[in-house]
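See below for the structure under consideration.
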Amino acid sequence: QVQLEESGGGLVQAGDSLTLSCAASGGTFRSYVMGWFRQAPGKDHEFVAASGRGGGSTSHADSVKGRFTLSRDNAKSTVTLQMTRLKPEDSAVYYCVADRSIILSSWYNYKNWDYWGRGTQVTVAS
């Protein structure tokens with residue numbers, strides 16, 4: 001069973017960049033599909049990005065495409081989310097997620113992911 005720990009959140013200004021990291025432990029990292037969701041106050045969980053086990057299949061939400069980049073390092077058991085040109089609407093708690101058996105078409109629904117980190121807060125001031 002994998003444990004996930006996010007880091008790197010904080011308060012930034014609009015237009016700034018920020019990198020979130022997720023360290024995984026307790027499981028065979030390369031056997032997990034990895035991803036990020038976010039949740040703003042009063043809103044449902046929103047898919048941000050995900051990567052297949054080998055890193056070859058990656059998907060980013062339209063709202064972050066071109067600004068955010070997910071990457072994974074199977075040797076270090078980490079996944080990072082590089083965020084650029086941040087906007088106030090990007091403010092949310094960001095969660096690292098993992099699942100061993102999820103298929104690509106199911107990536108976009110937060111209910112389909114088995115493992116979650118505790119989340120890290122990202123606040124973008126205007």
Side-chain angles (χ1 to χ4, degrees):
Q1 185 168 337
V2 68
Q3 291 84 46
L4 307 172
E5 183 172 1
E6 304 95 337
S7 61
L11 171 64
V12 297
Q13 297 295 314
D16 284 353
S17 299
L18 199 62
T19 298
L20 304 183
S21 295
C22 173
S25 61
T28 304
F29 183 76
R30 66 174 62 87
S31 68
Y32 290 88
V33 179
M34 301 296 299
W36 290 91
F37 276 79
R38 65 186 182 186
Q39 186 176 31
K43 294 189 177 181
D44 209 346
H45 291 85
E46 178 188 11
F47 173 81
V48 177
S51 173
R53 297 170 186 82
S57 298
T58 304
S59 179
H60 295 76
D62 287 342
S63 59
V64 307
K65 201 169 291 183
R67 300 188 299 121
F68 291 12
T69 303
L70 181 148
S71 60
R72 65 185 292 164
D73 187 332
N74 284 350
K76 296 182 178 179
S77 298
T78 59
V79 59
T80 60
L81 185 68
Q82 294 178 300
M83 305 185 293
T84 65
R85 292 182 281 138
L86 282 160
K87 305 175 181 179
E89 51 264 43
D90 293 320
S91 297
V93 178
Y94 283 70
Y95 296 93
C96 180
V97 296
D99 196 285
R100 293 190 65 176
S101 60
I102 193 169
I103 59 175
L104 191 148
S105 59
S106 299
W107 285 6
Y108 309 98
N109 188 333
Y110 74 95
K111 297 179 181 179
N112 295 327
W113 292 82
D114 280 345
Y115 301 102
W116 289 70
R118 294 184 177 182
T120 185
Q121 177 71 49
V122 172
T123 303
V124 184
S126 57

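These numbers come from the heavy atoms of this one structure, side chains and all, not from hydrogens, waters or symmetry mates. On a predicted model such as this, the values are computed, not experimentally measured, just so you know. Numbers here simply count residues along the sequence, with the first being 1.
Residues T80 and S71 bring a donor and an acceptor atom of their side chains to less than 3.5 Å of each other. Residues E46 and S63 have side chains that bring a donor and an acceptor to within less than 3.5 angstrom of each other.
Clustering ILVMFWY residues whenever any of their side-chain heavy atoms sit less than 4.5 angstrom apart, transitively, puts I102 in a cluster other than the one holding L70. Taking hydrophobic clusters as Ile, Leu, Val, Met, Phe, Trp and Tyr residues chained together by side-chain heavy-atom distances below 4.5 Å, Y115 shares a cluster with V48. Both V124 and W36 belong to a common hydrophobic cluster when Ile, Leu, Val, Met, Phe, Trp and Tyr are linked at side-chain heavy-atom distances under 4.5 angstrom. Linking ILVMFWY residues whenever their side-chain heavy atoms come closer than 4.5 Å, directly or via other members, places V97 and L104 in the same cluster. No chain of hydrophobic side-chain contacts below 4.5 Å, direct or via other Ile, Leu, Val, Met, Phe, Trp or Tyr residues, connects M34 to V93.
Shortest non-hydrogen contact noted between V122 and G9 is CG2-CA, 4.2 Å. Here the closest non-hydrogen pair linking L11 and A125 is CD1-CB, 4.3 Å. Minimum interatomic distance between L81 and A49 (heavy atoms only, all atoms of both residues): CD1-CB, 4.3 Å. When all heavy atoms are compared, the tightest approach of F47 to S59 is CZ-O, 3.7 Å. The two residues A14 and P88 have their closest heavy-atom pair at CB-CD, 4.1 Å. For the residue pair V79 and C96, the shortest heavy atom distance occurs at CG1-SG, 3.9 Å.
In this structure, R72 is not positioned above the aromatic face of Y32 in the sense of NZ or CZ being under 6.0 Å from the six-membered ring centre and within 45° of the axis.
Note that the OG1 atom of T120 and the CD atom of E5 stand 10.0 Å from one another [nearest 0.5 Å]. Distance CZ/R53 to CG/D99: 8.0 Å, rounded to 0.5 Å. Rounded to the nearest 0.5 Å, atoms CG (N74) and OG (S51) are 8.0 Å apart.
Below 30°, between 30° and 60°, or above 60°: for Y94 and F68 the angle between ring planes is between 30° and 60°, a tilted geometry. Ring geometry, Y95 versus H45: the interplanar angle falls from 30° to 60°, so the pair is classed tilted. Aromatic ring orientation, Y110 versus W116: perpendicular (interplanar angle above 60°, classes split at 30° and 60°). Classification of the W113-W107 ring pair by plane angle, with boundaries at 30° and 60°, yields tilted.
Between T78 and S21 the shortest side-chain heavy-atom distance does not fall below 4.5 Å. Side-chain contact between V12 and M83 is absent, with no heavy atoms from C-beta onward closer than 4.5 Å. V2 is not listed as a side-chain neighbour of R100, based on a closest heavy-atom distance of 4.5 Å or more. Residues V64 and R38 have side chains in contact (heavy-atom distance under 4.5 Å, counting atoms from C-beta outward). Q82 has its side chain out of reach of S17: every pair of non-hydrogen atoms, C-beta onward, lies at least 4.5 Å apart.
Using modelled atom types, no side-chain atom of E6 and backbone atom of C22 make a donor-acceptor pair closer than 3.5 Å.
The pair D90-K87 does not meet the salt-bridge criterion, since no charged nitrogen lies less than 4.0 angstrom from a carboxylate oxygen.
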